[in-house]
Amino acid sequence: MRSTDLLSFALAALVRQKLRGVMLLLAIGISVASVVVMTALGQGAKNFVDNEFAFLGKDLLILLPGKKETTGGLPPITGASARDITLDDMRYLQQQIADIVVAPLIVGTTEASYRARNRQAITLGTSEAFFTTHNLDLIAGQGLPKGAVERAQSVSVIGSDLAAELYPQQSPLGQWLRLDNRRFRVIGVFQSNSSNMGLRLNEAVLIPVASAQALFNTSGLFRLFIQSAGGQSLVRLQQRVIHLMADRHQGVEDITVLRPDALLSTFGDILLTLTLAVAGIGTISLVVAGIMMMNIMLISTHQRASEIGLLKALGADNHTVRAIFLTEAALLSLAGALLGMVCGYLLVALMAWWYPAFPLAVPLWAAVSAFCCAPLVALLFALMPASRAAQKPPVESLRGGAL
């Protein structure tokens with residue numbers, strides 16, 4: 001048989017057996033769609049973590065007070081130290097290490113109010129370097145004043161969402177903003193394009209770090225962000241900071257220095273493993289669909305015994321009979337793979353529309369693998385029934401049923 005004859009014969013056979021074709025089409029389609037959706041969830045989790053860390057600039061270190069060996073707690077969450085990180089420590093690091101950007105941070109919650117409007121707002125005491133380390137965009141006015149960080153000034157830069165709530169129909173620039181019992185002049189509005197690991201900076205207020213010390217009655221810093229500005233190795237910079245702080249604290253290493261890029265890399269490896277795991281679960285569904293195809297084709301070859309016998313009586317050899325059944329399996333698997341891809345992408349688009357905060361995305365390798373593996377798995381499982389049908393003697397096949 002010519003290729004065109006083989007294709008038309010297989011299509012005609014599929015049309016005659018609509019129920020069998022629809023069942024196999026749905027089985028393969030559901031399997032491919034499951035691979036697409038599951039890998040999209042895994043990739044979405046990875047994108048979500050990437051976006052959470054996107055607010056931090058490149059080549060950044062985070063200096064925290066406390067260490068597990070000295071406090072018995074987890075440094076990022078419960079770590080505390082008998083010795084705080086101070087502005088003097090920050091100046092010391094700036095003097096000892098060249099080409100770094102250092103941003104102090106004090107965090108607190110205040111009642112932000114303007115006239116009759118008020119709300120709870122996260123208040124961050126920091127410096128102008130915070131805009132660099134956290135990739136903040138200044139959309140109006142100016143940033144925090146440059147110069148000596150020890151100088152307390154009654155100025156503030158507020159997030160875009162907070163500005164829209166407290167100053168809905170006017171520009172906040174030049175207006176007074178009350179934080180608890182103190183007043184601050186609004187000199188700028190900023191915007192952050194990241195969720196900042198759950199911290200909504202667009203609803204926050206930035207004030208000078210010395211002003212935050214007076215407002216919250218504290219001298220210690222909550223965090224110290226150190227960014228490399230000269231292309232130096234982040235690992236060596238981390239070791240340098242640890243060594244300098246230990247010397248400053250009488251040889252006691254009572255601080256923790258985190259590298260967000262290392263943490264992000266670890267998360268990336270974990271989420272890649274998770275994506276491969278869920279892709280493996282989807283692959284199992286492909287194997288199940290292949291087994292289903294094998295079973296249905298075994299039944300089909302038994303029911304079509306007279307057809308096979310007539311083909312052989314007319315001169316068809318074993319190769320031709322095998323090719324007919326494999327062509328049917330290939331057509332069904334390709335159609336099922338295409339149906340699964342369409343349904344999978346539609347489901348991903350629907351989930352992305354329903355929950356836009358979770359950045360779903362279908363990895364290209366997963367889509368290509370699912371589309372290519374579905375026909376291969378189907379042909380692999382269809383090979384045995386097709387070979388059995390091809391090896392039947394003509395006379396025995398004709399006895400299988402009336403023509």
Side-chain angles (χ1 to χ4, degrees), residues 47-48 50-57 101 103-149 151-218 222-223 225 349 351-360:
N47 294 340
F48 181 79
D50 289 342
N51 292 339
E52 290 298 299
F53 281 87
F55 74 102
L56 295 175
V101 176
L105 181 65
I106 294 176
V107 181
T109 302
T110 60
E111 182 177 339
S113 60
Y114 173 73
R115 295 182 178 174
R117 299 185 181 91
N118 63 83
R119 58 158 297 169
Q120 293 292 317
I122 297 176
T123 303
L124 308 179
T126 184
S127 66
E128 82 284 351
F130 190 79
F131 286 82
T132 302
T133 58
H134 285 66
N135 292 325
L136 302 182
D137 297 327
L138 192 64
I139 59 177
Q142 59 185 356
L144 293 175
K146 298 180 180 180
V149 292
R151 183 183 176 187
Q153 302 182 58
S154 298
V155 294
S156 64
V157 182
I158 63 177
S160 55
D161 292 348
L162 183 63
E165 291 184 20
L166 296 181
Y167 309 91
Q169 296 180 349
Q170 60 179 317
S171 172
L173 299 181
Q175 303 294 334
W176 286 105
L177 174 66
R178 180 174 291 276
L179 301 176
D180 288 345
N181 60 345
R182 295 175 181 265
R183 293 199 310 166
F184 293 82
R185 182 80 69 179
V186 179
I187 61 172
V189 179
F190 71 90
Q191 184 173 15
S192 173
N193 298 318
S194 173
S195 60
N196 300 282
M197 301 187 70
L199 180 63
R200 298 179 178 273
L201 285 185
N202 288 333
E203 299 178 358
V205 181
L206 304 184
I207 61 175
V209 62
S211 302
Q213 288 178 324
L215 180 64
F216 299 119
N217 190 26
T218 181
F222 177 67
R223 296 285 187 272
F225 298 96
M351 289 188 294
W353 172 79
W354 183 264
Y355 192 65
F358 193 74
L360 289 171

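This structure is a prediction, so every number in the text was calculated from the model and none was measured.
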Phe358 CZ: over 12 foreign heavy atoms closer than 6.0 Å: yes
Rounded to the nearest 0.5 angstrom, the CD-CD1 distance for Gln142 and Ile187 is 4.5 Å
Of all heavy-atom pairs linking Gln120 and Thr109, the shortest is OE1-CG2, 3.3 Å
Mark yes or no for whether Thr126, through its side chain, and Pro104, through its backbone, hold a donor-acceptor pair below 3.5 Å. yes
Do the rings of Tyr167 and Tyr114 sit parallel, tilted or perpendicular, given the 30° and 60° boundaries? tilted
Donor-acceptor check, side chain of Asp161 to backbone of Glu203, threshold 3.5 angstrom: yes or no? no
Any donor-acceptor pair under 3.5 Å from Asn118 side chain to Ala112 backbone: no
Enter the distance from Ser160:OG to Ile139:CD1 here, rounded to the nearest 0.5 Å. 5.0 Å
When you measure from the side chain of Arg178 to the backbone N and O of Arg183, does any donor-acceptor pair fall under 3.5 Å? no
Closest non-hydrogen contact found for Phe222 with Ile106 is CB-CA, 4.2 Å
Side chains of Gln175 and Arg185 in contact at under 4.5 Å (non-hydrogen atoms): no
Taking every heavy atom of Pro145 against every heavy atom of Gln153, the minimum-distance pair comes out as CB-NE2, 3.5 Å
Side chain to side chain, Leu124 and Phe130, heavy atoms closer than 4.5 Å: yes
Any chance you could lay out the side-chain contact (heavy atoms from CB on, under 4.5 Å) test for Thr123 and Ile207, step after step, and finish with the verdict? CA-CA 7 Å; Thr123 303; Ile207 61 175; 3.7 Å; yes
Criterion side chain to side chain contact (heavy atoms under 4.5 Å, CB included) against Val157, the qualifying member of Leu138, Val186, Val205: Leu138
Shortest non-hydrogen contact between Ser211 and Phe184, atoms and distance: CB-CE2, 3.9 Å
About how many Å separate CG of Leu201 and CG of Leu136, when rounded to the nearest 0.5 Å? 6.0 Å
Taking every non-hydrogen atom, the tightest pair across Val189 and Ala163: CG1-CB, 4.2 Å
Nearest 0.5 Å, what's the OG-CG distance between Ser156 and Leu179? 6.5 Å
Drop me the distance from Phe190's CZ to Ile158's CD1, to the nearest 0.5 angstrom. 8.5 Å
Heavy-atom closest contact (Val155 atom, Pro208 atom, distance): O-CD, 3.3 Å
State the OG-CG distance between Ser127 and Leu206, to the nearest 0.5 angstrom. 10.0 Å
I'd like to know if Glu165 and Arg119 make a salt bridge, using a cut-off of under 4.0 Å between side-chain N and carboxylate O. yes
Give a yes or no on whether the backbone of Phe225 and the side-chain of Thr133 come within a donor-acceptor separation of less than 3.5 Å. no
